[in-house]
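Working notes for the structure below.
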Amino acid sequence: MRTATLGPAERAESLAAMAERELDLLVVGGGVVGAGTALDAATRGLSTGLVEARDWASGTSSRSSKLIHGGLRYLEMLDFALVREALKERGLLVSRLAPHLVKPVPFLYPLQYKGWERLYAGSGVLLYDLMSMARAHGRGMPLHRHLSRRHALRIAPALKKDALVGALQYYDAQMDDARYVATLVRTAAAYGARVANRARVTGFLREGERVVGARVQDVEAGGEYEIRAKQIVNATGVWTDDTQSMVGERGQFHVRASKGIHLVVPKDRIHSTTGLILRTEKSVLFVIPWGRHWIVGTTDTDWDLDKAHPAASSADIDYLLEHVNSVLAVPLTRDDVEGVYAGLRPLLAGESDATSKLSREHTVAHPVPGLVVVAGGKYTTYRVMAKDAVDAAVHGLDMRVAECVTEDIPLLGAEGYPALWNARARIAARTGIHVVRVEHLLNRYGSLAEELLELIAADPTLGEPLQSADDYLRAEIVYAASHEGARHLDDVLTRRTRISIETFDRGTRCAREAAVLMAPVLGWDKDHIEREIQHYEKRVEAERESQRQPDDLTADAARLGAPDIVPL
């Protein structure tokens, strides 16, 4: 299988090819479900296209809690089917499909009551592990354990002594959500899918009642294409209703947006060797290990304002700080917060009692001939959603189509990753790059790290870290533009890397260095470099201003003060 490169030339070629001849399937939406759908279709032998209005994973799929999990709290709701499905997917991702990107992560659940709570919570976590181990999908995931208060405080000294009487520790998994989607898109392209970001659907083509294609605007170059397809899949998440409105058909359900915000704080602000999960009056709060940082989240509030740039208000930040500080011996303050990000969950809300309860489950509908809609669900079960969407589309194809095979299709970078990991010391010695840097590359790119090492061999200055964001090498910035479809500085600092949430300056200090590295790949002149930097700085300032506002309305208005780099 060839390795797909998503550079500027490949993007232009893909758009032209999609418009040249009718596709079997066109997927609209480049989040995790859309990317997964494109991979599913391509690996069944279907001619497949994938278009995204902005950047890959620029919506919900880059703003999650970064967890691949079975949904422990859904056990309490007795939703065993959803948990079983999610645990199966978690096991596949950790052990087979993406071991380089998805890793086990421990969580400590503090117990506040003696006796009954340990029995109640312990039974739930035991069932979680047993369901995970069924059909061998728990492979690679350690089992839970019961801890005394003394033991719990030894592994999580940050907790107040009176905040717990004991604890449980269990495991889930985590990933970099935006990096995962970028890898998923490249994997789909490697199997023959034509893919293009910054390509916005402006309308659908109709022949009578049937949808037969889409009008797609090249947001970068300004051209418009008519892309014809036998079936189209609408996988646009919280934009599902907006996309459906282009067809003029009312569906049996609509998608409601729920806002969740997260804080990022440095590792030394919370003294613990394990993540934390805490109950709140509404849901649960996670403190998640994230490299040299912690992610604290999340909230769950209705959002009916700008979908492209959901804003975190001062009240949202205060809510998270108040709840996490209720158990921390040394409380966090606003000054400890490096980054803040807000995302929207696509929750299903039906027009009848039968569909209003769907919530985190997903559904697939065929509202008009030629168009399939997939919505709802959760990140962990994207592969199942993709399978169901392609299965529905196949019913409208007058041809015999193979069954889904993505359960056995590793993502790019997975093949050979364990061997390279075992050889990381030798790779470090061969390349002259510190072994910690080699580990960093392997855990972000898997076996594709060899491509970055080739860049560094050709230009050793690319093996140096970014001056103001030294977790990342200069080669990663070049590679994001040349191989991973990044078109703008914002794409690189916000999604290909996570510099925008991992530094107190939100990436402004390394913006010029990154833009200069991207320029030769993307053909930018000095004026273009300046425009990219100015746009990024305005975006960061607008986000900071929104986070000083008291409520959603004022926060949204402040965030919209920074326009997009290209008009949408």
Side-chain angles (χ1 to χ4, degrees), residues 1-7 10 32 35-36 38-40 42-43 56 66 68 89-105 136-141 173-193 195 291 382-383 404-459 462-463 471-473 475-480 482-485 496-497:
M1 185 185 73
R2 66 188 178 92
T3 297
T5 298
L6 304 185
E10 288 81 8
V32 71
L39 176 60
D40 188 295
T43 53
W56 306 122
K66 326 295 186 208
I68 294 292
E89 294 304 308
R90 185 191 72 177
L92 285 171
L93 292 170
V94 168
S95 63
R96 185 189 304 171
L97 303 185
H100 56 313
L101 300 177
V102 183
K103 309 287 185 180
V105 61
H137 291 302
R139 188 174 51 193
M141 299 296 293
Q174 72 173 161
M175 45 70 215
D176 181 332
D177 48 8
R179 167 144 302 285
Y180 191 93
V181 174
T183 307
L184 197 54
V185 172
R186 289 185 68 189
T187 307
Y191 282 99
V195 304
Y382 82 86
R383 196 191 62 81
C404 172
V405 295
T406 54
E407 191 170 319
D408 297 306
I409 302 293
L411 269 57
L412 288 182
E415 188 175 352
Y417 163 73
L420 288 172
W421 180 258
N422 292 340
R424 61 194 185 278
R426 282 196 297 107
I427 294 171
R430 170 170 58 86
T431 60
I433 297 172
H434 194 283
V435 68
V436 172
R437 297 286 186 186
V438 173
E439 290 175 353
H440 164 86
L441 293 176
L442 289 174
N443 283 330
R444 282 172 54 74
Y445 305 94
S447 55
L448 296 181
E450 294 284 2
E451 295 181 346
L452 286 100
L453 294 174
E454 289 172 9
L455 289 177
I456 294 168
D459 179 359
L462 296 181
D471 278 352
Y472 298 93
L473 297 179
E476 296 182 74
I477 308 301
V478 175
Y479 189 80
S482 64
H483 285 68
E484 297 183 326
R496 302 308 183 279
T497 71

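Just the heavy atoms: all of them, side chains too, but no hydrogens, waters or symmetry mates, feed the values below.
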Could you go step by step and tell me if Arg444 and Asp176 meet the side-chain contact (heavy atoms from CB on, under 4.5 Å) rule?
CA-CA 8 Å; Arg444 282 172 54 74; Asp176 181 332; 3.9 Å; yes

Can you tell me how far apart OG (Ser447) and CG (Leu420) are? Round to the nearest 0.5 Å.
6.0 Å

Closest approach of Thr187 and Thr183, non-hydrogen atoms and distance?
OG1-O, 2.7 Å

Side chains of Pro104 and Met141, heavy atoms from C-beta outward: is any pair under 4.5 Å?
yes

Under a 4.5 Å cut-off applied to non-hydrogen side-chain atoms, are Leu184 and Tyr382 in contact?
yes

Where is the tightest heavy-atom contact between Ile456 and Ala475, given as atom of each residue plus distance?
CG1-CB, 3.7 Å

For side-chain contact (heavy atoms from CB on, under 4.5 Å), just list the numbers for Tyr479 and Leu462, CA-CA rounded to whole Å, side-chain angles, deciding distance to a tenth of an Å, and then say yes or no.
CA-CA 10 Å; Tyr479 189 80; Leu462 296 181; over 6 Å; no

Tyr445 and Glu476: side-chain donor and acceptor closer than 3.5 Å?
yes

Listing request: all side-chain hydrogen bond (donor to acceptor under 3.5 Å, both in side chains) pairs with a residue in residues 417-436, at least two apart in sequence or in separate chains.
Lys103-Tyr417, Tyr417-Asn443, Arg424-Glu439

NE2 of His483 to CG of Leu412: how many Å apart, nearest 0.5 Å?
11.0 Å

Compare all side-chain heavy atoms of Ile68 with those of Glu89 and state whether any distance is below 4.5 angstrom.
no

Heavy-atom pair of closest approach, residues Val102 and Ala173:
CG1-CB, 3.8 Å

Checking Trp56 against Arg496 for the side-chain contact (heavy atoms from CB on, under 4.5 Å) test, could you report, in this order, the C-alpha distance in whole Å, the side-chain angles of both residues, the deciding distance, and whether it holds?
CA-CA 10 Å; Trp56 306 122; Arg496 302 308 183 279; 3.7 Å; yes

Rounded at 0.5 Å granularity, tell me how far CD1 in Ile477 sits from OG in Ser482.
11.0 Å

Suppose we screen for side chain to side chain contact (heavy atoms under 4.5 Å, CB included). Which residues come up paired with Leu97, at least two apart in sequence or across chains?
Leu92, Leu93, Arg383

Between the OH atom in Tyr180 and the CD atom in Gln174, the distance rounded to the nearest 0.5 Å is 14.5 Å

Determine whether Ile427 and Leu453 make a side-chain contact, defined as any pair of heavy atoms from C-beta on separated by less than 4.5 Å.
yes

Do Asp408 and Arg96 have side chains that approach each other closer than 4.5 Å (heavy atoms only, starting at C-beta)?
yes

Restricting to non-hydrogen atoms, name the atom on His100 and the atom on Leu442 that form the minimum distance, rounded to 0.1 Å.
CB-O, 3.9 Å

Closest non-hydrogen atom pair between Val195 and Ala189, with its separation:
CG2-CB, 4.3 Å

Val405 to Ile409 - nearest heavy-atom pair and separation:
O-CG1, 3.3 Å

So which pairs with a foot in residues 179-191 pass salt bridge (charged side-chain N to carboxylate O under 4.0 Å, His left out), sequence neighbours left out?
Arg179-Glu484, Arg186-Glu451

Stepwise side-chain contact (heavy atoms from CB on, under 4.5 Å) test for Leu441 and Leu473:
CA-CA 9 Å; Leu441 293 176; Leu473 297 179; 4.1 Å; yes

